[in-house]
Amino acid sequence: ARTETHQGWGTRVSGSKDEKPKTASRHDYAPPDYWIDRVQLDFDLDKNCTRVRATLEVRRNEILLGDPPAFVLNGEELELVRVALDGRTLEKSEFEASADELRIHKVPARFTLETEVTIDPKANTALSGLYYSGDLFCTQCEAMGFRRITYFPDRPDIMSRYTTTITAQDARYPVLLSNGNLVEDETLDDGRRRVRWEDPYPKPCYLFALVAGQLRCHGGSFVTQSGREVRLE
């Protein structure tokens, strides 16, 4: 592995490119230690340094007995800026950040975890996670690319409801898309634009999507069998 020095807490550790993927067998499956009911993501888009703030509403798996185990999140190519538990910024002794995970040593049965990281979409030539292609921001999270966006237990059996806020320069990125319904759209004083998307249905993190750039939006509507009108964009 190689270690690089950056701002924030100072290190980003990257795994070797020669590492082979590990085989996952069905008989080795075990349910997660924690469920994540809601995920709030806040993106400040920049092709060289995108800032991602994530707020996770977490609860312990009811089938577990004894003291709550450590909360372990996957992460790759992330520069960690801040970790907070129930609003309190954690000291370095209260967690471990390695090349591929973030481990919070002691957590209650229910809690809110906040993380802030920076990533480099333009340098992401793996085209996994959030990357910059041409003049577009794109995501590819299937099968395990979400861990390159933010720290998260990157597994398909954790179903969460996502709210995504995206802020970017309006002139360069007039269309800002994510999962769900557009519930907020505002122009900021500095010429940037901020939108918020809410997805009412739980989904695994590999279905998360974000696109930003010079695109054209075709709007419309659709009436469901129950008579509800749905806006299409």
Side-chain angles (χ1 to χ4, degrees), residues 35-47 50-59 112-117 119 121-122 124 127-233:
W35 302 111
I36 301 177
D37 295 319
R38 292 187 177 275
V39 179
Q40 296 183 44
L41 299 172
D42 191 327
F43 290 85
D44 193 341
L45 292 182
D46 181 274
K47 64 182 179 181
T50 288
R51 188 170 296 269
V52 185
R53 300 177 181 88
T55 302
L56 314 180
E57 295 183 13
V58 188
R59 58 183 170 90
T112 298
L113 184 75
E114 301 170 63
T115 61
E116 183 175 337
V117 302
I119 55 179
K122 190 173 182 180
N124 181 9
L127 306 185
S128 175
L130 177 67
Y131 61 93
Y132 195 74
S133 177
D135 291 323
L136 294 177
F137 286 95
C138 307
T139 55
Q140 171 60 45
C141 295
E142 190 174 3
M144 293 184 291
F146 192 73
R147 66 188 64 191
R148 298 176 66 94
I149 294 176
T150 188
Y151 284 105
F152 198 82
D154 195 351
R155 47 188 292 168
D157 54 353
I158 295 180
M159 307 284 285
S160 311
R161 289 183 172 87
Y162 285 74
T163 298
T164 304
T165 302
I166 310 170
T167 304
Q169 289 292 335
D170 189 30
R172 297 200 55 159
Y173 313 108
V175 176
L176 306 172
L177 301 175
S178 191
N179 305 80
N181 303 310
L182 181 63
V183 296
E184 185 177 326
D185 189 339
E186 62 175 325
T187 300
L188 305 180
D189 293 338
D190 58 4
R192 295 187 301 164
R193 186 157 149 259
R194 177 178 295 151
V195 302
R196 178 172 289 115
W197 295 83
E198 287 186 357
D199 191 341
Y201 301 106
K203 66 174 182 290
C205 64
Y206 73 81
L207 291 180
F208 175 79
L210 183 152
V211 180
Q214 294 280 352
L215 301 168
R216 181 168 296 176
C217 177
H218 296 279
S221 63
F222 175 79
V223 179
T224 67
Q225 289 185 347
S226 64
R228 184 169 61 95
E229 185 173 349
V230 179
R231 185 179 179 185
L232 304 178
E233 295 181 284

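What's counted below: heavy atoms across the whole structure, side chains too, no hydrogens, waters or symmetry copies. Not measured: the values here are computed from a predicted model.
Counting only heavy atoms from C-beta outward, the side chains of I166 and Y173 never approach each other to under 4.5 Å. Residues T50 and F137 meet the side-chain proximity criterion, which asks for heavy atoms closer than 4.5 Å. In this structure the side chain of Y151 never reaches within 4.5 angstrom of the side chain of L56, judged on heavy atoms. A heavy-atom distance below 4.5 Å is not found between the side chains of Y162 and N179.
Listed by chain and number, the residues in a side chain to side chain donor-acceptor pair (under 3.5 Å) with D135 amount to none (sequence neighbours excluded). By the side chain to side chain donor-acceptor pair (under 3.5 Å) test, R59 is found to be paired with D37, E62, residues two or more places apart in sequence or in another chain being considered.
Annotation: the span from C205 atom SG to R147 atom CZ amounts to 8.0 Å, rounded to 0.5 Å. Rounded to the nearest 0.5 Å, atoms OG1 (T115) and CZ (R53) are 11.0 Å apart. To the nearest 0.5 Å, atom CG of residue D42 and atom OG1 of residue T163 are 11.0 Å apart.
Among the candidates T167, T165, D170, the single residue satisfying the side-chain hydrogen bond (donor to acceptor under 3.5 Å, both in side chains) test with R194 is T167.
Remark: the backbone N or O of E142 is paired with a side-chain donor or acceptor of Q140 at under 3.5 angstrom. No donor-acceptor pair closer than 3.5 Å links the side chain of Q169 to the backbone N or O of D46. No donor-acceptor distance shorter than 3.5 angstrom exists from the side chain of S221 to the backbone of E229, with no hydrogens or angles considered.
The heavy-atom pair separating Y206 from A143 by the smallest distance is CB-O, 3.7 Å.
Among pairs with a residue in residues 212-233, none fulfils ring pair (Phe, Tyr, Trp, His ring centres under 6.0 Å), at least two apart in sequence or across chains.
Taking the six-membered ring for Trp and thresholds of 30 and 60 degrees, F208 and F146 have ring planes more than 60 degrees apart, a perpendicular arrangement.
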